[in-house]
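First up is the structure itself, then whatever we jot down about it.
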Amino acid sequence: MAGHLWVQALCSLSECIQRRYHHINMNKNWTEAQRYCREKYTDLATVNNMNDMNQLMKSVDNSLNNSVYTGVWIGLMDTGVYKWKWSLGDPVKYTNWEIQDLLNGYGNCVYIINGLWREQYCGQKLNFICYNESTKEYIFETSFKTWRAAQIFCRQHHTDLTSVRNQTENQQIQKIMNDTNISEVWIGLFSDSWEWSDKSESGFRNWSSGEPNGGVNELCTEVMMNLQGQWNDVSCSNSLTFVCHEDNLILIQMNLSWSEALRYCRENHVDLVSVDSEEIQFMVTKVIRQSSTDAVWMGLHYYCQMNLWIWIRGEAVCYQNWAPGNGTKLMDCNTEHRAGAVQSGGDHLWISRPQSDKLNFICSRK
């Protein structure tokens, strides 16, 4: 019927894949492999976590049918410029250094003492803090481990060593330390000179023991398939097969109105993202970290003729993640049209914004 929009009442579980990996069974040097991936897919493979690593391994296994093989290229390269990174992959937007230790600058790993951060030699053995993504909890471990051993433990039993993204989180951690009489703990901050080809801030590393060893001209990274996918630094001129990645979601760092963002996604990709499951919400939290605005557009808008929120594809809003006070009121469409955005920080809750606001946005590529 003219003037009405059909709304799907069924809620489906969306496929939970942030990126697809493609093993290319051709031998190229690292630069040639990078060029190929950028032309055919998104880029040479970036790996954000162990789940990504397992998916990448599976793509190589399926492609080679269990042939004899050793290394495959991924998109990690040594730039020679050291930067701080979180093991969990969060951007480093907050720090709480103790000044004199920052000036000393003798360590590549970081621990907390009295609420302040100090650099330390990564081989030192300390207590440490894991973070569990599913329960949103800090887990304090009172065994003494090196930073790398603590990272491995946290990834095996929880999610990773914890990030500390703001002053509130820093104070929460310090309070627990005070309550439990723990004086020093590793956190997930470390410094290295390796950078992903797609400029991702992912701090995930899966080096083999003793690697990277900084050999002559060993500036690129191979995944050693015969060693359970552990990484090794090798010369970029080596000739290897390689893995490309293809992102299903992409953050566009342009400031556009909601309708402009919708047009851009449909002309250049597929559509503005529909966050119709907890899995897609989790994927959004991964790509949203690079945004330059306090919120980013998604494909949710208020449909005035029916007085309800719907996805741009016409689906009902079953899964919801609204911030308090958002998404429940009837909107006055005579004054402004509203659309849904995801907060860039905090818990990445949904908020209602005027469609005329200029924000970054997330496009779906499938």
Side-chain angles (χ1 to χ4, degrees), residues 8 11-24 33-49 51-56 58-60 62-63 73-76 89 91 196-202 204 242-293 295-301 310-315 317 319 321 339-342 344 348 350 359-366:
Q8 281 185 312
C11 298
S12 60
L13 186 65
S14 299
E15 188 176 11
C16 178
I17 301 174
Q18 182 182 354
R19 58 168 51 105
R20 295 181 183 275
Y21 291 105
H22 303 271
H23 177 240
I24 310 302
Q34 180 192 53
R35 185 183 307 120
Y36 182 97
C37 289
R38 287 178 171 177
E39 289 174 356
K40 304 289 186 180
Y41 300 99
T42 301
D43 213 318
L44 256 177
T46 294
V47 184
N48 282 321
N49 49 50
N51 183 57
D52 280 358
M53 194 63 232
N54 292 333
Q55 292 296 324
L56 184 148
K58 192 180 300 182
S59 77
V60 179
N62 292 341
S63 174
W73 289 129
I74 57 173
L76 193 64
W196 294 102
S197 176
D198 66 355
K199 307 304 180 186
S200 162
E201 291 192 40
S202 172
F204 180 81
F242 52 98
V243 180
C244 306
H245 77 251
E246 183 177 27
D247 287 340
N248 289 338
L249 300 183
I250 181 169
L251 173 74
I252 309 299
Q253 289 183 308
M254 300 168 60
N255 296 346
L256 299 181
S257 69
W258 185 82
S259 58
E260 290 169 341
L262 176 64
R263 186 181 310 115
Y264 180 95
C265 287
R266 289 181 168 177
E267 289 177 354
N268 296 279
H269 300 287
V270 174
D271 217 332
L272 267 175
V273 64
S274 292
V275 191
D276 51 10
S277 71
E278 187 173 357
E279 288 79 7
I280 300 296
Q281 172 73 19
F282 179 75
M283 290 159 54
V284 165
T285 66
K286 296 302 181 186
V287 300
I288 206 173
R289 290 170 172 161
Q290 313 298 325
S291 68
S292 59
T293 52
V296 301
W297 290 126
M298 54 182 174
L300 185 63
H301 67 123
I310 60 172
W311 295 110
I312 196 64
R313 297 188 309 235
E315 295 144 319
V317 180
Y319 168 76
N321 194 40
V342 184
S344 299
H348 306 297
W350 302 357
L359 302 176
N360 292 177
F361 51 97
I362 298 175
C363 298
S364 171
R365 304 174 86 160
K366 75 181 284 283

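Since the structure is predicted, the reported quantities are computational estimates derived from the model, not experimental observations.
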W297 and E260: CA distance, side-chain angles, deciding distance, side-chain hydrogen bond (donor to acceptor under 3.5 Å, both in side chains) verdict: CA-CA 10 Å; W297 290 126; E260 290 169 341; over 6 Å; no
ring-ring contact (aromatic ring centres under 6.0 Å, His included) evaluation trace for Y319 with W350: CA-CA 11 Å; Y319 168 76; W350 302 357; 5.8 Å; yes
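By the 30° and 60° cut-offs, the orientation of the rings of Y36 relative to Y41 is tilted.
Each of L56, N49, N51 was compared with M53 under the side-chain contact (heavy atoms from CB on, under 4.5 Å) criterion, and only L56 meets it.
Closest approach of W73 and A33 over heavy atoms only: CD1-CB, 4.1 Å. A pairwise comparison of heavy atoms in S291 and L251 identifies N-CD2, 3.5 Å as the closest pair. Between C265 and L272, the shortest heavy-atom contact is CB-N, 3.6 Å. Residue V243 comes nearest to L44 through the heavy atom pair O-CD2, 3.4 Å, listed as atom of the first residue, atom of the second, then distance. The heavy-atom pair separating Y21 from T46 by the smallest distance is OH-O, 2.7 Å. Contact record, W311 with L300: CZ3-CB, 3.4 Å, taken as the closest heavy-atom pair.
I312 places a side-chain heavy atom less than 4.5 Å from the side chain of L262. Annotation: side chain of V296 is not in contact with side chain of L359 (no heavy-atom distance under 4.5 Å). Between S274 and R313 the shortest side-chain heavy-atom distance falls below 4.5 Å. Put simply, the side chain of E315 does not reach to within 4.5 Å of the side chain of I310, judged on heavy atoms. Proximity of W196 to V47: side-chain heavy atoms (C-beta onward) are separated by under 4.5 Å at one or more points. For the pair H269/I252, a side-chain contact is recorded, criterion being any heavy-atom separation below 4.5 Å from C-beta on.
We find the CE-CD1 distance between M298 and I288 to be 9.0 Å, quoted to the nearest 0.5 Å. We find the OG1-CE distance between T285 and M283 to be 10.0 Å, quoted to the nearest 0.5 Å. Taking CD of E39 as the reference point, atom SG of C244 lies at 10.5 Å (rounded to 0.5 Å). To the nearest 0.5 Å, the span separating OH on Y264 from OG on S257 amounts to 14.0 Å.
A distance-only check finds a donor-acceptor pair linking the side chain of S344 to the backbone of T293 [under 3.5 Å]. In terms of modelled atom types and a separation under 3.5 Å, the side chain of H245 and the main chain of H22 share no donor-acceptor contact. Q281 places a side-chain N or O within 3.5 Å of a backbone atom of H348 that can act as its donor or acceptor partner.
Scored by the salt bridge (Lys or Arg N to Asp or Glu O under 4.0 Å) test, D198 finds no partners at all (sequence neighbours excluded). With sequence neighbours left out, the side chain to side chain donor-acceptor pair (under 3.5 Å) criterion links N255 to N360.
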